[in-house]
Amino acid sequence: MTDTGAGEPEHLSPELLQDMAGTFGLLASTMRLHIMWVLAHGACDVGTIAGHTGGSVPTVSHHLAKLKLAGLVRSRREGRHQIYLVDDPHIVTIVRQMVDRMRDRSTGLGRRRGVGA
């Protein structure tokens, strides 16, 4: 059933809201968003991610550790390399939708800053 905004909103528990805020908080970092964007296009090692994001390997590793702890990414070993991949495809959908939304806005009436902040 799709929520049309009419009627009473479904009750959300404080625990669910806290979990949601935590996930959105993790994605509030531009580097972590960029990492998720890179991994949405396929699994890769930390050096490759660093190359795509412009971050250093230690910085990217730090952010990957946080994303992994939150269950958004996972890793597997391939020889001497640790390969990272998205562990939650729903997050990829959210990130892709946001990219599409922001691209649509930037081609519209101009970019607005600070909305909702």
Side-chain angles (χ1 to χ4, degrees):
M1 183 166 126
T2 302
D3 184 9
T4 61
E8 291 293 317
E10 177 185 350
H11 172 75
L12 301 178
S13 72
E15 295 82 11
L16 177 61
L17 288 167
Q18 185 67 41
D19 288 346
M20 291 168 56
T23 299
F24 281 116
L26 272 172
L27 296 176
S29 158
T30 55
M31 178 58 75
R32 288 192 287 271
L33 268 176
H34 202 168
I35 290 169
M36 292 302 292
W37 179 251
V38 170
L39 292 178
H41 293 85
C44 49
D45 66 15
V46 68
T48 303
I49 297 168
H52 284 295
T53 62
S56 68
V57 169
T59 297
V60 171
S61 292
H62 173 78
H63 288 291
L64 282 167
K66 288 185 177 208
L67 292 168
K68 191 174 179 181
L69 189 61
L72 302 180
V73 302
R74 62 185 165 95
S75 63
R76 67 172 186 262
R77 180 148 310 275
E78 284 186 10
R80 299 178 69 207
H81 296 278
Q82 196 77 2
I83 305 298
Y84 292 88
L85 58 152
V86 173
D87 199 29
D88 188 343
H90 296 98
I91 298 299
V92 171
T93 300
I94 292 168
V95 170
R96 285 185 171 161
Q97 288 175 341
M98 184 58 77
V99 168
D100 290 344
R101 172 71 176 115
M102 294 290 102
R103 283 182 177 158
D104 289 348
R105 274 180 59 183
S106 70
T107 59
L109 298 175
R111 189 170 181 203
R112 296 183 350 202
R113 293 185 167 266
V115 175

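Heads up: numbering here begins at 1 and tracks the sequence. All values derive from a computational prediction rather than experimental measurement.
A distance of 5.5 Å separates CZ in Arg76 from CG in Leu85, rounded to the nearest 0.5 Å. One finds the CG atom of Leu26 at 10.5 Å from the NE2 atom of His63 (value rounded to the nearest 0.5 Å). Separation of atoms OG1 (Thr23) and CG (Asp88) is listed at 8.0 Å; rounding is to 0.5 Å. The structure places CE of Met36 at 11.5 Å from OG of Ser29, a figure rounded to the nearest 0.5 Å. Atoms CD and CD1, on Glu78 and Ile83 in that order, are 4.5 Å from each other to the nearest 0.5 Å. The line from CG of Leu64 to CG of Leu39 is 6.5 Å long, rounded to the nearest 0.5 Å.
Enclosure of atom CE in Met98 is not indicated, since only 12 or fewer non-hydrogen atoms of other residues, nucleotides or ligands lie within 6.0 angstrom. Within 6.0 Å of NE2 in His90 there are 12 or fewer heavy atoms belonging to other residues, nucleotides or ligands.
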Tell me, with the steps shown, if Val60 and Ile35 meet side-chain contact (heavy atoms from CB on, under 4.5 Å). CA-CA 8 Å; Val60 171; Ile35 290 169; 4.1 Å; yes
Note to self: Between Arg96 and Trp37, does the side-chain contact (heavy atoms from CB on, under 4.5 Å) criterion hold? Intermediate values first, please.
What the structure shows: CA-CA 8 Å; Arg96 285 185 171 161; Trp37 179 251; 3.8 Å; yes
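Val73 and Val99 fall within a single hydrophobic cluster, where Ile, Leu, Val, Met, Phe, Trp and Tyr side chains are chained together by heavy-atom contacts under 4.5 Å. In this structure, Val57 is a member of the same hydrophobic cluster as Leu67, with clusters built from ILVMFWY side-chain heavy atoms closer than 4.5 Å.
Taking both residues in full, the closest heavy atoms of Ala40 and Val86 are given as N-CG2, 4.0 Å, listed atom of the first, atom of the second, then distance. Closest of all the heavy-atom pairs between Ser75 and Lys68 is OG-NZ, 2.6 Å.
Using a 4.5 Å cut-off on side-chain heavy atoms (C-beta onward), Thr53 and Thr59 make no contact.
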